[in-house]
Every structure is written in structure tokens, then in C-alpha cells.
Amino acid sequence: MEGTKREPFVRIAKRDDISKGKAFLIRVAAVLAALLVGAVIILILNHNPVEVYTDMVLGSLKSKTSRVETIKIMIPLLGCAVAITPAFKMKFWNIGAEGQLLAGAIAATYFALFHHATMSRPVLLSGMFIAGTLAGGLAGLIPALFKAKWGTNETLFTLMLNYIILGIERYLQNGPWKDPKGTGFPIIAMFDRSARLPKVFGVHIGWIIVLLLVAAMFVYLKYSKHGYEISVVGESERTARYAGMNVSKIIIRTMFVSGAIAGIIGYLTVCGADYTLNEGTAGGVGFTAIAVAWLAKLNPFTMIGFAFFLSVLSKGSNTIQTNFKIPASASGVLTGIILFAMLACEFFISYRVIFRGHKEKEEDGNDDN
Amino acid sequence: MTIINFFCAAVLASCPLLFGTLGEVLTEKSGNMNLGVEGMMYIGAAAGLGGAYYYEKAVSSPVAAVSVIIALVCAFVFASLGALIYSVITITFRANQNVTGLALTIFGVGLGNFAGEAMGNAAGGYVFVSNVTKNAFNAPLFPSLSNLPVVGKMLFSYNFLVYLSILLTVALALFMNHTRHGLNLRAVGENPAAADAAGINVMRSKYLSTVIGGGITGLGGLYIVMNSANGVGGVWVHNCVSGYGWLSVALVIFAMWNPWRSMLCAFIFGALSVMRLYIPLGIPDQIYIIFPYIATVIVLIAVSLRKKRENQPPSSLGLAYFREER
């Protein structure tokens with residue numbers, strides 16, 4: 001029998017361990033491969049990939065205004081990535097950061113529109129902050145309650161809430177909160193000066209708050225009891241139960257935190273960046289944030305780098321739309337390809353591919369995506 | 001008369017949902033939870049529109065039937081290529097299915113809009129197909145029968161894609177319940193290790209059902225772009241799929257992974273999405289529009305409340321299969 005059975009063409013074996021440097025190199029190779037695929041798409045459109053990529057980088061970083069714009073894109077992106085991190089670590093697929101952000105923005109806007117005259121600026125800004133946090137937290141809490149009690153599918157629940165909250169926003173914008181001084185066009189009035197966040201180095205103070213959130217989330221996940229519980233539930237709910245953890249409570253608490261952070265980002269967006277609320281306030285950031293969080297392997301500090309990278313991509317896409325007539329949706333395409341490449345390359349980090357005839361020493365880090 | 005018009009509009013609106021749901025049912029039966037339906041619909045929509053558009057450009061007098069076939073093939077093939085990327089990453093490379101599906105959504109939404117706009121730029125504004133193709137997609141398949149009183153309109157007034165989706169429902173139900181391949185596929189979804197031991201090629205089943213399922217969802221995208229309910233079919237509209245893919249993923253749960261129930265559920269949701277045009281309830285439009293999403297939430301909760309043995313998902317749904325780690 002032994003003689004007739006041929007060794008299969010490829011075998012896959014788990015790696016025992018891989019050096020950090022090598023794993024890093026594989027990931028870098030994956031990102032480069034993705035950018036190469038992007039270059040091919042640019043070639044198909046009859047443009048020079050080097051020129052287009054250079055233009056993207058210059059368009060997002062060259063002048064002060066463009067840098068400010070890039071940072072303004074980065075703030076909600078990084079913030080939402082931090083927001084979904086505890087949920088994703090728990091394997092609770094919260095794809096509703098968008099809705100939670102919008103809920104926070106709506107709550108903050110309420111105070112900005114109707115209480116700016118009666119409150120002093122610090123009270124107003126803190127009131128808006130608290131309202132935004134609570135509203136976002138509540139939007140995260142609802143699907144968590146049902147998930148914890150009855151196992152309701154959280155992916156779809158959180159996603160549907162995005163559409164529902166967006167519908168509520170549209171209603172407010174077209175109805176009760178429509179600017180009475182407007183020219184009939186359904187928009188919400190610009191916030192009073194007292195409801196606007198101050199600027200630090202040319203960008204609204206939100207960037208400091210988001211960086212604080214990054215650090216806080218890192219500590220929360222790594223050094224707190226809650227963080228430990230989150231990772232145990234994420235690894236195995238049964239283990240968590242066996243260890244005497246109250247899984248329902250952990251799910252509900254974590255999702256409140258997750259939604260609350262998204263709510264804070266909503267507050268920052270309306271009070272710092274836009275000074276008003278509209279249906280584009282969230283603008284798809286909830287989805288891109290998932291890319292950021294996952295690319296960073298749920299490490300908040302690594303997220304800073306990836307959020308910056310994807311913000312350059314996003315701002316750069318607007319630039320190439322103007323200069324090369326390449327649609328700005330290119331950033332979504334590139335983000336998707338990079339994600340695919342990174343997801344695929346994880347395989348080569350955790351497994352070895354052994355070809356027929358090669359002896360045990362062979363280690364393969366090829367990446368074909 | 002309103003009620004009949006409402007019924008017809010509901011059927012028309014349910015068609016893309018039915019394609020999406022059937023495709024995802026086929027996919028999930030193999031144990032793959034592909035959250036990229038929204039993305040695949042965009043890819044299918046852009047590819048189908050592009051195929052018909054470039055065919056029309058290439059010939060002097062386009063033939064409707066050829067244009068339709070090219071659009072169908074393009075939508076199916078390109079959407080299934082999207083599903084193929086997903087399959088390679090989740091089945092061969094064993095990556096997390098949820099994240100890969102979300103990546104496919106990000107990619108597909110980007111690619112669909114990108115292609116739609118790039119074609120529009122090349123055409124100098126918008127990319128749209130001529131009335132020949134548009135009519136072929138929207139005209140009733142049985143014009144003579146549709147003149148019968150009441151039944152004619154309710155049963156025979158639809159375009160061919162509606163009947164195609166119904167045929168597909170029947171075919172999928174027969175396939176899953178009465179053919180060896182279908183039963184094998186279900187075995188793979190329930191317990192891949194046992195199926196593997198019984199000699200079923202697990203990898204091939206998973207690949208085939210995910211890729212074909214993805215292609216079917218692409219037809220849903222094609223329907224949206226060619227037969228838009230707003231009356232502006234046959235042209236690329238930015239963000240045109242607008243959540244229909246996600247609704248389809250939710251409908252799979254509502255339909256309990258059953259093709260017949262998919263048809264019923266898609267109809268109900270189609271009805272909900274056009275209800276505001278036929279039954280005024282005196283509530284603001286913006287709130288009325290989100291009814292299907294609210295209904296989805298209610299259904300999700302209801303389904304999770306009463307757990308019966310027969311409404312459970314395939315037991316291996318969402319889990320990668322490692323042959324070596326059995």
C-alpha cells in the first residue's frame with residue numbers, strides 16, 4: 001500500500017511559530033501585491049499608475065489644506081475602528097457603527113439646535129457629548145440585548161439599524177428640524193458658534209479625543225478585567241460560561257461601550273467637522289472602519305497607521321477624480337483589494353505549503369493575491 | 001384596482017430580493033455565510049449594464065435578445081467571480097467568513113460604482129442602454145395573456161426576469177430536495193467532516209455552490225439596474241442597489257433556508273418596499289421608506305424567539321473546514 005500511494009501535490013501544515021519580522025514582511029508583500037493589482041486597473045483605464053499613485057499621495061499630503069482634509073477623514077475612521085474593536089474582539093459582528101455614529105450625531109444636534117441659547121458653552125458642549133455618547137451606546141445596546149437573550153443575529157440587526165437611523169435622520173432633516181430660514185431646500189441649520197468645538201493646530205479638537213480613545217481602548221482591552229472577559233468570550237463562549245462569567249452581561253456591556261464610542265465620533269463629526277447634521281454625516285465610515293480594525297488585527301495603535309493609509313487613499317481618490325477623471329469610488333475598490341490580500345496572506349502566516357518532493361525544510365511565503 | 005396594481009408592483013419589487021435570497025440560500029447550504037451579497041449585486045449590475053451597453057455600441061442595429069443574453073451572462077459571470085474571490089479566501093485560505101464577506105461588500109460596492117461611473121465618463125455623462133434593450137427587460141413576457149381581466153395582470157404582466165426567478169425557485173427546490181448533488185450539498189453544510197468521510201468532495205461542493213450562488217445574486221443586481229422601480233431603468237445610478245443585498249441576506253434567515261419560503265418572504269418584503277406608493281398611512285415618506293428594514297428587525301427577533309428544529313441554519317454555517325484538523 002505504502003508504495004502505491006503518491007504524496008499529494010501540495011500539503012498544508014500548520015506552522016509552529018513564525019518570526020515577527022517574517023510575518024510583517026508577508027503582510028507588507030500582501031499590501032504591495034494589492035497596490036499592484038490596483039496599478040493594473042489604472043493601466044486598463046489608460047493612465048500611468050505611477051503618476052496616479054503619486055497624485056493620490058500629493059493630493060492628500062502636499063498642501064496644508066489637503067493635510068487638514070485628510071486628517072478630517074481620518075478622525076471618524078480611526079474613531080469608528082476603535083469603536084468596533086471590542087465588539088469584533090468578542091466576535092460580535094457590529095457592522096452598525098454607522099448607525100451608532102448617526103444616533104450620537106442626532107442626539108448632539110438636538111442640543112445644538114434647541115438649547116444653544118439657554119446653556120453656556122462648556123455646559124452645552126458637555127451636554128452634547130453626554131447625549132451623543134448615550135444615544136450611540138443605546139443604539140449599540142439594543143441589538144446586544146436581543147443577542148444576549150435570544151441569540152438574535154447581530155450582524156443583520158446592527159446593519160438594519162443603520163438604515164433605520166438614517167431614515168429617522170432624513171425625517172428630521174425634511175420635517176421638524178428643517179432650517180426655517182432655509183430657502184426651501186431641506187437642510188438643518190448650521191450650529192451656533194457656541195456649539196462648535198475649538199480647533200487645535202488647524203483641525204478640530206476631535207483628533208486629540210480620538211487619540212485618547214485609542215490609548216484608552218488599548219489599555220481597556222489589554223489590562224482590564226473587562227478586556228480579558230471580552231477576549232475569553234470571543235475565543236469561546238462556553239469557556240467563558242464554564243469560568244463563571246456572565247456572558248450576557250459582557251455582551252451587553254461591551255456593545256454599549258462600542259456604540260458609545262461611535263456616538264462620540266458622531267458628536268465630533270457634527271460639532272467639529274461639519275457644524276451641521278445631514279444624511280452624509282456618517283458617509284460609509286462604518287464599513288471602512290471595519291477594514292481598518294481588521295487590517296490592524298484589532299490593535300488600536302496599529303489602527304492609527306491603517307486609518308491614515310486609508311484616509312490618504314480616500315482623499316487621494318477625490319484628487320484623481322478631478323485630475324484624471326478616475327471615479328472616486330476607486331478608494332473602495334482599492335480598500336477591498338487590500339483587505340482581500342491581507343485576509344489571504346494570514347493563511348501563509350499560520351500555515352506552510354509543502355510541495356511534492358520538497359523536504360520538511362521548505363517554507364513557502366508566496367502570495368498570489 | 002389599486003390592490004391589483006399594488007400586488008403587481010410588489011411582485012416586481014420582490015424580484016431582485018428573490019434572486020439575492022436564492023443565491024444566498026444556495027451558498028449558505030454549503031456552510032458558507034457570504035455577507036458579500038450587496039457587493040456581488042453591484043458587480044452584477046455594473047457588468048450586465050456594461051455588457052449590453054458595449055454590445056449596442058459595437059453593432060449598428062442591436063438585437064434585443066442578444067443584448068439581453070449578453071447582459072445576463074455578464075451579470076452572472078462577474079458576480080460569480082466576486083464569489084470566487086470569497087471562496088478562495090475562505091475555503092482554501094480559511095479566512096474568517098464574516099470579514100471576507102464584508103470585504104467583498106466594500107470591494108463590490110466600490111467596483112460597481114467605479115465601473116458604472118468610469119463607463120459614464122467614457123460615454124460623456126451617463127452610461128445607459130437604448131430603448132431596445134430596456135424594453136426587452138421591462139416588457140411583459142406574455143403580452144396577449146396579460147389582457148385577461150384581473151388574472152391577466154396579476155399573473156402574466158411581468159417581464160421575463162420575474163418568471164426566471166420563479167423558475168429558479170422551483171429548480172433550486174428540486175435540486176436541494178430531490179437530487180443526489182443537492183442532498184450531498186446539504187450534507188456538506190451540516191457536517192463537512194462526515195460528508196468528506198462519505199466520499200463527497202467537500203471543497204468542490206463548497207466552491208460550486210458559493211460561486212453559482214454568487215452569480216444568481218448578480219442577476220438581482222442586473223434587475224435593479226435594468227428595471228428600476230423609479231422608472232429610470234437601464235442607466236447607472238450611483239449607489240443603486242441601496243441595501244437590497246443586505247435585505248436578501250436577512251431574508252434567508254426569514255425563509256429558513258428554503259427556496260419556497262424565499263419566494264413568499266421576498267414577496268412580502270417587495271410589498272413592504274412599495275407599499276407607501278399604494279397605501280397612504282399619513283406618515284412621513286422618510287419613515288415609510290424604512291419599513292422593510294424595521295420589518296427585518298422584527299422578523300430577526302421573531303425567528304430567534306421561536307427556535308424550532310427545522311428553522312435552524314446548516315450546522316456548519318460560518319465555520320471553515322480544516323480537513324487536517326478533524
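In the text below, chain A, chain B and the rest are named by the order of the sequence lines, each starting its count at 1. Everything numeric here is computed off the predicted structure, so don't read it as measured data.
Heavy atoms only, all atoms of each residue included: A:Ile41 and B:Phe114 are closest at CG2-CE2, 4.1 Å. Of all non-hydrogen atoms in B:Gly110 and A:Val333, the two that sit nearest each other are C-CG2, 3.4 Å. Shortest non-hydrogen contact noted between B:Ala118 and A:Pro327 is N-CG, 3.5 Å.
In this structure the side chain of B:Tyr86 never reaches within 4.5 angstrom of the side chain of A:Phe340, judged on heavy atoms. With contacts defined as side-chain heavy-atom distances shorter than 4.5 Å, the pair A:Phe157/B:Ile301 qualifies.
With respect to chain B, the highest number of heavy-atom pairs below 4.5 Å among A:Ser331, A:Ser329, A:Ala291, A:Gly175 belongs to A:Ser329. Interface remark: of the candidates A:Ile95, A:Ile164, A:Leu161, A:Leu339, A:Ile164 forms the most heavy-atom pairs closer than 4.5 Å to chain B. Across B:Thr92, B:Val88, B:Leu35, B:Ile294, the residue that shares the most heavy-atom pairs under 4.5 angstrom with chain A is B:Ile294. Options A:Gly284, A:Gly336, A:Ser350 differ in how many heavy-atom pairs under 4.5 Å they form with chain B, and the most are formed by A:Gly336.
Because its NZ or CZ atom is not both nearer than 6.0 Å to the ring centre of A:Phe347 and within 45° of the ring axis, B:Arg94 does not count as a cation-pi partner of that residue.
In this structure, the portion of A:Phe146 lying under 4.5 Å from any heavy atom of chain B is its side chain and not its backbone. If you measure heavy-atom distances from B:Thr90 to chain A, you find no contacts under 4.5 Å at all. A:Leu159 touches chain B through its side chain: at least one heavy atom from C-beta onward sits under 4.5 Å away, while N, CA, C and O do not. Proximity to chain B (any heavy atom under 4.5 Å) is restricted, for A:Leu45, to the side chain, taken from C-beta onward. Looking at A:Leu156, both its backbone and its side chain come within 4.5 Å of chain B, counting heavy atoms on both sides.
Listed by chain and residue number, nothing satisfies the salt bridge (Lys or Arg N to Asp or Glu O under 4.0 Å) test with A:Glu235 (two or more places apart in sequence, or in another chain).
Atom OG1 of B:Thr296 is separated from atom CE of A:Met160 by 4.5 Å, given to the nearest 0.5 angstrom. Taking OG from B:Ser304 and NZ from A:Lys147, the interatomic distance works out to 9.5 Å, rounded to the nearest 0.5 Å. Rounded to the nearest 0.5 Å, atoms CH2 (A:Trp93) and CD (B:Gln97) are 10.5 Å apart.
Of residues 286-293 of chain B, those residues lying under 4.5 Å from chain A by any heavy-atom pair are B:Gln286, B:Ile287, B:Ile290, B:Tyr293.
Aromatic ring centres of A:Phe348 and B:Phe93 lie closer together than 6.0 Å.
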